[in-house]
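All figures in this text were calculated on a predicted structure; none of them were measured in a lab. Protein chains get the first letters and strands the later ones, always in sequence-line order, with residue 1 at the start of each.
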There are 2 protein chains.
Amino acid sequence: MSSQATVLAALASPRRREILRLVWKEELSAGTIHRAMPDVTFGAVSLQLRSLLEDGLVEARAESRRRFYRARREALGTFAEVLERMWDDKLWGLKLEAELEGSRRGPRPRRRRRKT
Amino acid sequence: MSSQATVLAALASPRRREILRLVWKEELSAGTIHRAMPDVTFGAVSLQLRSLLEDGLVEARAESRRRFYRARREALGTFAEVLERMWDDKLWGLKLEAELEGSRRGPRPRRRRRKT
DNA sequence: ACATCATTTTAGTTTTATCTAAAATAACGG
DNA sequence: CCGTTATTTTAGATAAAACTAAAATGATGT
């Protein structure tokens, strides 16, 4: 496992955590990862991928012009479970939020309101 | 427990981890904590203490002019064990180092080969 | 009230992290 | 070779974190 200090530093960034979550169970190309986080440039994502790669928290596989990344769960040791729990909690949080939103006023189901 | 994201952000800093380690099992005054890290000013330590306090990772008790801090292990959830493991590893590392040092001029112990 | 001790707070500086925009690389198909 | 696609890299901008020095606070003893 990478040094605990290294892992902690890497996991401190929400951006990197989000990337890890995306490539946790399946490998994804850099482009796909970027499409999932459209608030930053491709370059920014690529830099975070590099940093995760250098810390040994993801691995990359090249296939023609694409590069597929996936999490190296074994490099995370105990933190793997911590992250999973974290994401589960978040999911739970989102579900709860959705429920609350749905119940907010009677039978008017999936209707999304935008931030103003 | 404080939000996982908050805890991760807090633990990313070696300085804050060191403070936590110091006040893990016993409460210590701000001054004592500072004396244990003489490479920074008292002010810097105080700021980190405040940040840990705001994140709920330590608690403070005032006694006359001193302020005693101690870790709130329960706020760290799973991370408490992670940190302890981390410190144990470090201890192990230090012991190893001490052994190596001690054997540096003994009666020819097992020699360790370095990577070149 | 004054002096001292322990600590916090403020304001500004330095350092580090993260981001963008643009240029560079590399693989592929005409 | 050229143009397109996917990605990385570079250089510089912006933002956030950590630090310092000095001033401020607050409790204590005289």
Side-chain angles (χ1 to χ4, degrees), chain A residues 2-23 26-72 79, chain B residues 2-23 26-72 79:
Chain A
S2 314
S3 113
Q4 316 252 34
T6 303
V7 176
L8 278 175
L11 297 187
S13 150
R15 188 75 67 194
R16 282 188 295 268
R17 285 201 303 268
E18 178 65 3
I19 291 176
L20 275 178
R21 193 180 63 78
L22 288 166
V23 301
E26 49 176 351
E27 57 172 20
L28 295 178
S29 73
T32 304
I33 295 166
H34 172 232
R35 263 166 250 128
M37 17 182 69
D39 56 318
V40 276
T41 61
F42 202 157
V45 172
S46 184
L47 287 171
Q48 297 288 27
L49 282 170
R50 175 158 72 144
S51 135
L52 286 167
L53 198 55
E54 281 169 357
D55 292 344
L57 302 191
V58 300
E59 57 190 351
R61 179 180 66 90
E63 183 183 312
S64 94
R65 9 190 164 172
R66 308 224 173 83
R67 265 190 136 76
F68 289 90
Y69 288 88
R70 75 174 166 204
R72 294 191 59 243
F79 293 101
Chain B
S2 312
S3 113
Q4 317 250 36
T6 303
V7 176
L8 278 175
L11 297 188
S13 149
R15 189 75 66 193
R16 282 188 297 267
R17 284 200 305 269
E18 178 64 2
I19 291 177
L20 275 178
R21 191 178 64 78
L22 288 167
V23 301
E26 49 177 352
E27 56 173 20
L28 295 178
S29 73
T32 305
I33 295 166
H34 172 233
R35 262 165 250 128
M37 17 182 68
D39 55 319
V40 275
T41 62
F42 202 155
V45 172
S46 184
L47 287 171
Q48 296 289 26
L49 282 170
R50 175 158 75 145
S51 136
L52 286 167
L53 198 55
E54 282 168 358
D55 292 344
L57 302 190
V58 300
E59 56 189 354
R61 178 180 69 88
E63 182 183 311
S64 95
R65 8 192 162 173
R66 308 222 172 87
R67 246 142 197 279
F68 288 92
Y69 288 87
R70 74 174 166 204
R72 293 191 61 243
F79 293 101

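Atom CZ of B:Arg16 is separated from atom P of D:dA17 by 9 Å (rounded to the nearest Å). Atom-to-atom, CG of A:Leu11 to P of C:dA17 comes out at 15 Å; the value is rounded to the nearest Å. For B:Arg17 and D:dA18, the CZ to P distance is 11 Å, given to the nearest whole Å. Distance CD (A:Glu18) to P (C:dC19): 12 Å, rounded to an integer number of Å. Atoms CE (A:Met37) and P (C:dT20) sit 12 Å apart, rounded to a whole Å. To the nearest angstrom, C1' of D:dG26 lies 16 Å from CD of B:Glu63. Atom pair B:His34:NE2 and D:dA21:C1' shows a separation of 13 Å (rounding to whole Å applied).
If you check every strand for non-hydrogen atoms under 4.0 Å, A:Ser64 touches sugar and phosphate atoms only.
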Item to check | Evaluation steps, salt bridge (Lys or Arg N to Asp or Glu O under 4.0 Å), between B:Glu26 and B:Arg70 | outcome: CA-CA 6 Å; B:Glu26 49 177 352; B:Arg70 74 174 166 204; over 6 Å; no
Next on the checklist: One character per nucleotide, please: for nucleotides 4-15 of chain C, 5' to 3', B when the base has a protein heavy atom closer than 4.0 Å, S when only the sugar-phosphate does, - otherwise.
Outcome noted: BBSBBBB-----
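Within the structure, every side-chain polar atom (N or O) of A:Arg15 is placed at least 4.0 Å from both OP1 and OP2 of C:dA17. Between A:Gln48 and C:dC19, a side-chain N or O to OP1/OP2 separation shorter than 4.0 Å is present.
Formation of a donor-acceptor pair under 3.5 Å by the B:Arg16 side chain with backbone atoms of B:Leu11 is not found in this model. The main-chain N or O of B:Gly43 is never found under 3.5 Å from a side-chain atom of B:His34 such that the two would form a donor-acceptor pair. Judged by distance alone, with hydrogens and angles left aside, the side-chain atoms of A:Arg72 form a donor-acceptor pair with the main-chain N or O of A:Gly56 at under 3.5 Å.
Counted within 6.0 Å of CZ on A:Arg15, heavy atoms from surrounding residues, nucleotides or ligands total more than 12; the atom is thus considered enclosed.
Using a 4.5 Å heavy-atom cutoff, the side chains of B:Arg17 and A:Leu8 are in contact.
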